[in-house]
Amino acid sequence: MLLRIERVVAGYGAGDVLRGIDLDVAEGGVTCLIGPNGAGKSTLLRTVSGLLRPSRGRVLFRGEDLGRRGPRERLLLGIVHVPQERSLFPAMTVRDNLLMGGYLLRDQRLLRERIDRAVAAFPICARRAGAHAGSLSGGEQKQVELARTLLLDPALVLLDEPSIGLDPRSRRQVFESVRQLAGAGRTILLVEQNARSGLAAADTGAVLDGGVVRLVAPAARLLDDPEVARLYLGAGPAEHKAERSRDE
Amino acid sequence: MIRGAVFVVTLAVLPLLGLPHWVLNMLVFVLMFAALASAWNLVGGLTGYPSLGHAAFFGIGAYAFALLLHRQTEITDGWQPFAWLPAIGVGTALIGVPIAAIAMRTRADVFAIVTITLLFVVQTLAFNLHGLTGGAQGLSFPVAPFPADTFERPFYYVLLGLLVLAMLLTFGTLRSKVGLALATVRGDEDKARGLGIPVGGAKVLAFAVSVGLTAMVGAVWAYYQVGIIYPQFAVDPLVTIAMVLMVFLGGRGTLWGPVLGAFVLETGQQYLAYELGASQFYLIAYAMIFLLIMLFLPRGVLPSLAGRLR
């Protein structure tokens with residue numbers, strides 16, 4: 001098991017958002033977390049990346065309790081978090097933004113190799129290398145963010161709502177990139193408000209509600225489950241097909 | 001690099017051209033403020049932390065220098081006291097480390113308030129620690145024994161050296177990993193932390209180097225004050241305001257912006273002081289310039305020009 005979350009309780013200030021989360025994430029593939037607003041999906045990602053410390057419970061990565069390890073150490077272990085909000089530095093160039101992803105690497109040769117690999121996977125980084133990141137469209141920025149995650153050669157990528165605010169075409173590109181990352185052997189823990197699209201790109205789905213995991217199942221099964229559709233997917237399968245055809 | 005070399009050689013030749021004393025005196029202050037503005041730029045420009053307390057470190061450097069000479073009856077070799085500058089710079093930088101570690105937990109306007117409070121604390125101490133600073137009566141020390149007809153030259157060249165040092169540090173920082181880290185601090189510190197960038201260390205380092213340079217300039221200023229320094233001039237909020245204004249005028253976070261700002265504003269200030277006597281009417285001109293910059297060139301002259309040329 002790559003990631004094991006055991007009875008984690010965490011939150012902000014006095015209120016707990018996560019109220020005893022248990023979740024196992026196997027190596028490889030995409031696990032998509034779905035659930036209503038306030039269910040604790042983003043909070044769970046922040047807890048795994050070390051941006052938030054749980055008040056109770058344990059987060060184990062490859063069997064090791066991450067305990068008091070901070071975000072920097074978790075990055076070095078191979079856990080990269082791509083937050084919901086735009087995380088590029090708009091006044092810096094695409095090239096510099098990409099470089100920042102490898103800030104922790106000391107080996108310059110390795111850094112160059114990784115940059116070449118990231119650019120090959122996301123050609124936008126070469127095409128717009130000298131442009132200020134702020135001048136890129138939302139979809140292009142997300143591509144650069146995903147490319148930047150590759151610089152630390154992560155084992156686990158935590159993706160928080162990567163499609164938020166994007167037009168249908170960019171959204172499709174982002175989900176293709178997510179599959180591409182998973183295809184390269186990385187494990188993706190994905191939080192997606194657009195639950196149908198998220199599950200469609202995922203192998204496994206987990207339903208969070210009220211700060212606990214309610215259900216874990218293959219993503220395809222969750223997509224076909226009428227009860228899950230009614231409670232968490234917003235629209236029925238017929239409406240979903242219509243939405244997909246609009247996207248395409 | 002060529003531009004920098006031409007700039008330094010031109011400035012190095014100027015005192016040898018037989019310029020009148022008032023011109024050389026003005027150039028000493030221009031170089032002093034260019035070095036100060038370049039030092040402030042390392043924090044205010046590169047990290048975006050608007051320190052208003054730098055005059056405190058200017059004063060610490062000035063008093064450290066004056067105290068080192070205070071007990072001497074005369075100075076035999078006028079160049080020898082300049083040898084204290086590195087120690088004053090390093091010592092003040094070390095003082096700056098814990099201050100930055102605490103103050104830089106705050107950001108933006110709160111950081112500005114914390115640092116200006118520091119300035120007034122140091123000023124109050126300078127006025128009231130009579131045994132150490134001489135209080136309002138000032139702290140005396142022997143006058144530099146340089147010939148009257150070339151008195152300004154040693155100060156001019158030492159300040160030129162400090163300006164070059166500040167610019168080299170800026171140049172190196174802008175092209176280094178630390179420079180990238182500082183740019184991310186300016187952009188969004190929380191995002192930078194998420195990428196594992198050691199933002200805390202980078203900004204404390206920038207602050208320490210900046211205040212160390214500021215203190216060295218303060219020490220040279222004290223030596224130039226022919227034998228006595230007073231707290232109202234050694235720890236003067238107007239010094240901070242000038243540094244900030246010069247950087248904002250020339251362009252924050254650039255190599256040449258602070259230098260341009262210092263050359264424009266300090267010559268302008270000296271001219272206005274000459275025209276308007278010893279009054280502080282020039283402050284009205286300062287305020288007007290600041291308003292105009294904020295309105296029409298919010299990024300400063302050099303970045304705005306570069307933007308238009310692109």
Side-chain angles (χ1 to χ4, degrees), chain A residues 42 45-46 48-52 69-108 111 130-135 141 144-145 147-154 157-160, chain B residues 41 44-50 101 105 107-108 170-206 247-248 251-255 257 297-300 302-310:
Chain A
S42 299
L45 294 197
R46 290 173 63 82
V48 175
S49 66
L51 292 172
L52 185 69
R69 283 183 187 268
R72 185 182 156 91
E73 286 169 284
R74 295 186 194 200
L75 274 168
L76 288 168
L77 284 174
I79 302 173
V80 174
H81 185 179
V82 182
Q84 187 181 116
E85 62 276 11
R86 303 260 156 88
S87 67
L88 297 184
F89 299 95
M92 291 169 72
T93 62
V94 167
R95 187 187 301 109
D96 284 345
N97 266 288
L98 197 57
L99 269 175
M100 298 322 296
Y103 194 90
L104 295 176
L105 287 179
R106 290 182 188 280
D107 184 341
Q108 292 303 303
L111 177 64
H132 283 125
S135 69
Q141 287 193 35
V144 178
E145 282 179 37
R148 191 171 64 181
T149 64
L150 297 180
L151 266 71
L152 287 180
D153 193 21
V157 181
L158 309 168
L159 282 178
D160 196 353
Chain B
N41 188 42
L46 298 187
T47 72
Y49 272 72
R105 286 172 176 267
R107 293 182 196 175
T170 310
F171 182 79
T173 305
L174 284 171
R175 276 152 190 78
S176 70
K177 233 176 148 178
V178 176
L180 273 178
L182 295 179
T184 63
V185 170
R186 191 174 61 225
D188 188 324
E189 210 169 318
D190 296 322
K191 284 180 192 173
R193 225 182 279 278
L195 289 170
I197 296 164
V199 289
K203 62 190 187 182
V204 168
L205 177 68
V247 173
F248 270 72
R252 276 172 291 164
T254 62
L255 176 64
L297 297 168
R299 291 190 299 152
L302 291 183
S304 300
L305 281 179
R308 276 179 204 171
L309 287 175
R310 266 202 298 271

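Throughout, a chain's letter reflects where its sequence line sits, starting with A, and its residues are numbered from 1.
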Q: Could you tell me which portion of A:Met100 (side chain, backbone, both or neither) has an atom closer than 4.5 angstrom to a non-hydrogen atom of chain B?
A: both

Q. Between A:Pro90 and chain B, which part of the residue has a heavy atom less than 4.5 Å away: side chain, backbone, both or neither?
A. side chain

**Q.** Minimum heavy-atom distance A:Ser87-B:Lys191, with the two atoms named
**A.** O-CD, 3.5 Å

Q | Note, B:Arg193 side chain near A:Pro71 side chain (heavy atom, < 4.5 Å) | A | no

Q. Considering only heavy atoms, which portion of A:Leu152 lies under 4.5 Å from any heavy atom of chain B: side chain, backbone, both, or neither?
A. neither

Q: For atom CZ of B:Arg105, decide whether the heavy atoms of other residues, nucleotides or ligands shown that lie under 6.0 angstrom number more than 12.
A: no

Q) How long is the span from the CG atom in B:Leu195 to the OG1 atom in A:Thr149, to the nearest 0.5 Å? A) 10.5 Å

(Q) I need the minimum non-hydrogen distance between B:Asp188 and A:Phe89, along with the two atoms involved. (A) O-CE2, 3.4 Å

Q) For A:Arg148, is it the side chain, the backbone, both, or neither that has a heavy atom closer than 4.5 Å to a heavy atom of chain B? A) side chain

Q) Counting only heavy atoms not in A:Arg95, do more than 12 sit closer than 6.0 Å to its CZ atom? A) no

Q: Write down the atom of A:Arg72, the atom of B:Pro198, and the distance for their closest heavy-atom approach.
A: NH1-CD, 3.7 Å

Q.
So for A:Arg46, is it side chain, backbone, both, or neither that comes closer than 4.5 Å to the heavy atoms of chain B?
A. neither

(Q) Is there a side-chain contact between B:Leu180 and A:Met92 in this structure, where contact means two heavy atoms from C-beta onward sitting under 4.5 Å apart? (A) yes

